> 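Mind looking over this structure? Questions follow.
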Amino acid sequence: MAAVSDRLPAFPWDKLEPYKKTAAAHPDGIVDLSVGTPVDPVPELIRRALIEAADSPGYPTVWGTVSLRDAITGWVRGRLGASTAEHRNVLPVVGSKELVAWLPTQLGLGAGDKVAYPRLAYPTYEVGARLCGAEAVVYDDPTELDPAGVKLLWLNSPSNPTGKVLAKEDLVRIVAWAREHGILLFSDECYLELGWEAEPVSVLHDDVCGGSYEGIVAVHSLSKRSNLAGYRAAFVAGDAAVLGELLEIRKHGGMMTPAPVQAATVAALGDDTHVEEQRERYAARRAALRTALEAHGFRVEHSEASLYLWVTRDEPCWDTVAHLAGLGILVAPGDFYGEAGARFVRVAFTATDERVEAAVKRLG
């Protein structure tokens with residue numbers, strides 16, 4: 001039996017282990033800014049909703065409860081500006097990474113098909129293409145691609161790792177191009193509520209898609225906005241025909257969001273206060289780290305949104321990783337996200353206030 005893992009690249013994070021050991025040897029301990037995992041508490045109202053739904057002995061449905069679909073459609077209309085979204089335009093998923101990795105397979109793609117994604121990108125876009133045997137292709141501007149054979153186009157705004165935000169006029173142009181060539185467009189918008197120097201816009205916004213969701217789907221997660229990475233709470237919204245097909249496939253696969261998590265998601269999407277409070281925490285950490293990094297000789301590029309600073313000292317990224325590890329600070333090398341990142345590192349500002357303060361002192 002051929003190993004499916006043979007199709008996949010080496011798991012990149014394993015390469016960081018020696019540098020992690022170096023950073024951990026610092027007398028004051030490691031400051032881990034490598035992975036953008038939330039560290040702040042899950043808001044009380046969300047935990048309460050989860051607990052109240054804990055007595056859930058029966059199977060949940062793949063499409064979710066009516067309350068969940070109401071919550072998602074209401075949020076999509078109000079927050080994304082998708083004024084005509086209905087239940088048929090939404091589908092909960094078991095965390096957005098699962099969706100990204102398995103989407104090409106669930107769409108029936110394979111040999112001879114192409115999956116396109118940004119030149120600097122979250123590695124799971126490539127993984128998804130490789131899992132189904134499709135060809136992975138990268139772009140700087142998707143409208144410059146040869147559309148022949150491209151079946152799935154990934155956008156990612158705000159970007160992971162760079163924090164770059166696509167302007168509304170660029171989204172309009174890209175959506176029109178994808179529709180012209182019959183290419184299904186999925187937009188990963190998991191950092192949309194974390195804009196700092198730009199206001200991210202969804203592809204589902206009426207001004208972008210013209211009020212029609214044909215050929216476009218947006219991916220959203222509660223991991224960052226609500227500190228729910230451990231809950232695996234996410235959803236997709238957009239083209240009803242595409243989501244209807246995915247729903248049927250996912251029913252057969254038993255890809256169900258647990259009932260207590262569905263209830264917690266309803267609570268999270270119905271409250272904006274905790275989102276603003278978390279934004280304020282991240283804004284303070286971002287400002288402190290940016291100032292310290294620039295004073296230390298780094299140049300920050302893009303980074304107008306998301307949970308990361310994309311920085312360089314104009315040297316190979318692994319030299320930068322080693323330098324910072326010597327200060328007890330662990331960051332992600334830019335080449336994890338593509339060859340174009342070979343002279344950058346990604347710095348997450350998801351550590352606690354105490355650890356961020358420690359990093360600032362060490363950089364000083």
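The figures here come from the full heavy-atom set of this structure, side chains too, leaving out hydrogens, waters and symmetry mates. Since the structure is predicted, the reported quantities are computational estimates derived from the model, not experimental observations. The chain is numbered in sequence order, starting from 1.
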> Would you call the rings of Y337 and W310 parallel, tilted or perpendicular, taking 30° and 60° as the class edges?
perpendicular
> Would S221 and S223 count as having a side-chain donor-acceptor pair, cut-off 3.5 Å?
yes
> Do you see a donor-acceptor pair shorter than 3.5 Å between the side chains of D188 and H220?
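The answer is no; no qualifying pair exists.
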> For side-chain hydrogen bond (donor to acceptor under 3.5 Å, both in side chains), just list the numbers for E189 and S202, CA-CA rounded to whole Å, side-chain angles, deciding distance to a tenth of an Å, and then say yes or no.
CA-CA 7 Å; E189 301 174 353; S202 173; 2.8 Å; yes
> Between E98 and R250, is there a salt bridge with N-O shorter than 4.0 Å?
yes
> Examine distances only and state if a side-chain atom of T352 and a backbone atom of R355 form a donor-acceptor pair shorter than 3.5 Å.
yes
> Look at the side chain of D239 and the backbone N and O of N89, then say whether any donor-acceptor pair between them is shorter than 3.5 Å.
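A pair under 3.5 Å: no.
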> Just by modelled atom types, is the S159 backbone N or O under 3.5 Å from a matching donor or acceptor in the S157 side chain?
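Not at all, since once roles are kept as given, no pair shorter than 3.5 Å links the two residues.
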> With R88 as the cation and W63 as the aromatic partner, state whether NZ or CZ is under 6.0 Å from the six-membered ring centre and within 45° of the axis.
no
> Once salt bridge (charged side-chain N to carboxylate O under 4.0 Å, His left out) is applied, do any residues pair with R346, and if so which ones, sequence neighbours excluded?
none
> In terms of side-chain heavy atoms, does T84 have a donor or acceptor partner in Y213 at a distance below 3.5 Å?
yes
> Let me see the working for R48 and E44 under salt bridge (charged side-chain N to carboxylate O under 4.0 Å, His left out), right down to the final yes or no.
CA-CA 6 Å; R48 188 164 58 246; E44 174 62 28; 3.7 Å; yes
> Do NZ/NE/NH1/NH2 and the carboxylate oxygens of R285 and D353 come within less than 4.0 Å?
yes
> For the residue pair E315 and T320, confirm or rule out a side-chain donor-acceptor distance under 3.5 Å.
yes
> With sequence neighbours left out, write down each residue that passes ring-ring contact (aromatic ring centres under 6.0 Å, His included) with Y122, or none if nothing qualifies.
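ring-ring contact (aromatic ring centres under 6.0 Å, His included) list for Y122, sorted by chain: Y125.
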> Does the N227 side chain pair with the main chain of P41, one donor and one acceptor, at a distance under 3.5 Å?
yes
> Using only heavy-atom distances, determine whether the side chains of R173 and T143 contain a donor-acceptor pair under 3.5 Å.
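Looking only at side-chain atoms, T143 and R173 do form a donor-acceptor pair, the distance falling under 3.5 Å.
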